[in-house]
Amino acid sequence: MNNNHVGETKYPAGNTPANPVMPQQPSQAVPQPVRPIYQQPVTPQTPMMNQPVRQVYQQPARTQTPVMNQPVRPVYQQPARPQTPVMNQPVRPVYQQPVQSVPQPVRPVYQQPFFVPQPVVRPTQPYTLQAREAISSMNKALFVILSVLFGWICGRSLLSFEYGIGMTALGLSFYLIYLPFIMIKQKKNFSLFGLLLFIPQTIILASFSFFSDSRVVIIGLLASFIIAAVQTTMLANCTTGKPFTFDLLCDTCITYLAMPFMNFSTTMSGIFFGKDKNEKKSKTPLKIAIGAAISLPVVLTLIMTFSFADEMFAAWVDKLLLVLNLNPLRITADILFALIVMLYVMPLVVTLRSGYRKQYNHKESRRFFDPIITSTVLFASSVVYLVFVAVQFTYLFAGSGNLPDGLTLAEYSRRGFFELVFVIVITTIIMGVVCMLTKNNKHDRLPVYVKIALLIIIASNAVIIVSAARRLLIYIENYNLTVSRFNAAVLIALMAVVDLVLALRIIFDRLSVSAIIGSIVAMTVAAYCIFNVDGFVAKYNIDQYLDNPTRYDIDINYIAEDLSPAAVPQLERLMNKAPDNKTRTQAKFAIAHIADKCNLFEGDNKHLARWTLDRQIAVNIFEKYNITQRMADEYYDNYVYSYSDYGYR
């Protein structure tokens, strides 16, 4: 029997009375603190994915056996209150608050928190915004049509490999087509110096129609492109640099070499898929391009069909093809070349129209040459110059009697002449660079010792220029005039003028020489291109021979081999005024050789892109004297010989 009744009286077996006596009031139990059962601390754990949350482990309560006549200590109970025991009533278990588990988000095992990369939005470049604005304000359809026309003119002019009036048409078309697009936004803010550059540019473009000399054409092409690049950069206000300064050179290079490629995608998307002034998508340029691609095979098919159908139409087409020098291969080359030109010129014009220079902060040209180091190098170099000048005074200006090794004055003048001209040019360029890049003193002027060193070298260079000029005169007097000697004379004269300007710049610090020297060089090149160099060389040599036939010999082979059709009028004069019949006949055969060399017998001058004035004059002369292809063939058999012994190089 389980007697777990608190305060109950025990009786011996069999002595339980029928009427039991109520027990005495039990004594008060001494309250004691409840000792908590040790519980393992709960370690918070991160639940794994897709697994239930583990409950906190709880130790079950231990059952205690009560001791006789001693109160039973309650388990898990606060100090007991006095209670009246009830017989046969079980002990009520202590209520315990259930442990609440806090739900936590399940995180994947062995995986970093999810990071969704956001798209990087790059800010639109300022030059792109300006290009879009420039495109939206232009007539796109007209721009595309004129660009196609310009590309075709480029192909007809540059792919002929014998340049003439086509080069003049190319330059004029660039200005007439694109200059309005470039300057339309500038209103009256035009660069005065940029407008003045039209003078040398017009002269150079006109020279392409006058003379066919390949050397002059190459120089003219380079000069024309440089002038056009500098001029359009200044007229479009794409630079803050002064004329012919380093800043202007940098801006021009950026405009023509970098920006067309940076604005390429913006230009093409804006022209063919962009919006017009009314913010509506304009598909006109794209439709024009598609129509042109479709119409080309259609037009060719129609021309071929009508040519087979009518002989007169076929003859007219053949004549037109001869004038335009067209054939299937040439047409394909023109189309491809025109496409390449369009892909470059269209972004270039958009760049010039946008005036992108506002996005660049041009700083003033920094001078970084140390004055002390520079003056040391200059003084050391001036010693060599002074020694060379002393040698020139000893041998060249003193007369031929002092020349070593029995050299004549003509032989001494001939040796190393062009190397001497090269030294003059290099010295002039170095002096100009030193003047522009040497650091100034606290008064913003070149230091005095740098000025002295520069003046010594410039004075020595002036003496060398005089020596070279004297050598050249002796050279020409004994060996006649050639194109290379004429070019050397022009170069010597140009370097003399530049040296004079540099000397004035050193003496007067505030003189700006960049614009002066640039203008002098531009006008010199323009004058050289418009000047009939081949005709002048032939005229000088023929005049020397006609004035004194016994003293001077005339090398007709040099005129026939190395000169252009511009020398034909002088050969005609020699053919009529030569004292002997042999020279007259040779001059006539030389005219035939020049005509054959320039393909004039084959009607080359009839091609529109190759027409020049000197070619036309030559054609009129050999038609006048009935000069034929047979004479050109006989020229090699009768008159060709080596003229290297005469020194015509």
Side-chain angles (χ1 to χ4, degrees), residues 191-194 197 226 229-230 233-234 237-258 357-389 422-465 491 494-522 524:
S191 171
L192 178 60
F193 193 84
L197 286 177
I226 293 173
V230 173
T233 303
M234 298 181 70
N237 288 331
C238 291
T239 180
T240 56
K242 296 180 180 179
F244 294 106
T245 56
F246 184 75
D247 289 341
L248 176 59
L249 177 62
C250 292
D251 289 334
T252 303
C253 292
I254 292 173
T255 302
Y256 273 77
L257 301 180
R357 70 167 178 90
K358 298 177 182 178
Q359 306 302 323
Y360 295 88
N361 295 324
H362 296 287
K363 298 181 180 180
E364 294 295 331
S365 300
R366 295 183 177 180
R367 298 171 176 264
F368 54 87
F369 283 3
D370 185 79
I372 298 178
I373 298 176
T374 303
S375 60
T376 303
V377 176
L378 291 177
F379 277 116
S381 303
S382 63
V383 175
V384 181
Y385 277 92
L386 291 175
V387 173
F388 184 81
V389 168
F422 178 76
V423 171
I424 293 172
V425 175
I426 293 298
T427 302
T428 304
I429 294 176
I430 292 176
M431 293 304 100
V433 172
V434 170
C435 288
M436 291 187 295
L437 300 182
T438 303
K439 295 179 181 178
N440 293 334
N441 55 18
K442 60 182 180 180
H443 302 292
D444 197 21
R445 299 175 182 271
L446 283 175
V448 178
Y449 46 87
V450 176
K451 289 185 178 182
I452 295 174
L454 286 173
L455 289 175
I456 291 174
I457 295 181
I458 290 178
S460 302
N461 199 38
V463 176
I464 297 174
I465 289 175
L491 197 57
L494 178 61
M495 292 300 104
V497 176
V498 173
D499 279 351
L500 178 61
V501 175
L502 289 177
L504 295 176
R505 163 65 178 83
I506 295 171
I507 298 173
F508 306 101
D509 294 276
R510 299 303 178 185
L511 182 64
S512 179
V513 298
S514 59
I516 298 175
I517 294 178
S519 302
I520 291 173
V521 173
T524 302

Do [X] and [Y] have side chains that get closer than 4.5 Å, going by heavy atoms?
| X | Y | value |
| --- | --- | --- |
| Ile464 | Tyr385 | yes |
| Cys238 | Asp251 | no |
| Met234 | Phe193 | yes |
| Ile517 | Leu502 | yes |
| Val450 | Phe369 | no |
| Ser460 | Phe388 | no |

If you round to the nearest 0.5 Å, how far is [atom2] of [Y] from [atom1] of [X]?
| X | Y | atom1 | atom2 | value |
| --- | --- | --- | --- | --- |
| Ile372 | Thr438 | CD1 | OG1 | 12.5 Å |
| Leu500 | Arg505 | CG | CZ | 14.5 Å |
| Leu249 | Thr239 | CG | OG1 | 10.0 Å |
| Leu454 | Tyr449 | CG | OH | 12.0 Å |
| Leu248 | Ser514 | CG | OG | 9.0 Å |
| Leu491 | Phe422 | CG | CZ | 11.0 Å |

Problem set entry | Passing option when Met431 is tested against Leu455, Ile506, Leu378, Asn461 for side chain to side chain contact (heavy atoms under 4.5 Å, CB included) | Leu378
Problem set entry | Modelled atom types, side-chain donor and acceptor of Thr233 and Tyr256, under 3.5 Å | no
Exercise. With no hydrogens and no angle check, do the side chains of Asp499 and Thr428 hold a donor and an acceptor under 3.5 Å apart?
Worked result: yes
Seminar exercise, completed: Closest heavy-atom pair, Ile520 versus Thr524, reported as atoms and distance to 0.1 Å, is O-OG1, 2.7 Å
Problem set entry | side chain to side chain donor-acceptor pair (under 3.5 Å) partners of Ser375, counting only residues at least two apart | none
Exercise. With a cut-off of 6.0 Å (strictly less than), are more than 12 heavy atoms of other residues, nucleotides or ligands near CD1 of Ile426?
Worked result: yes
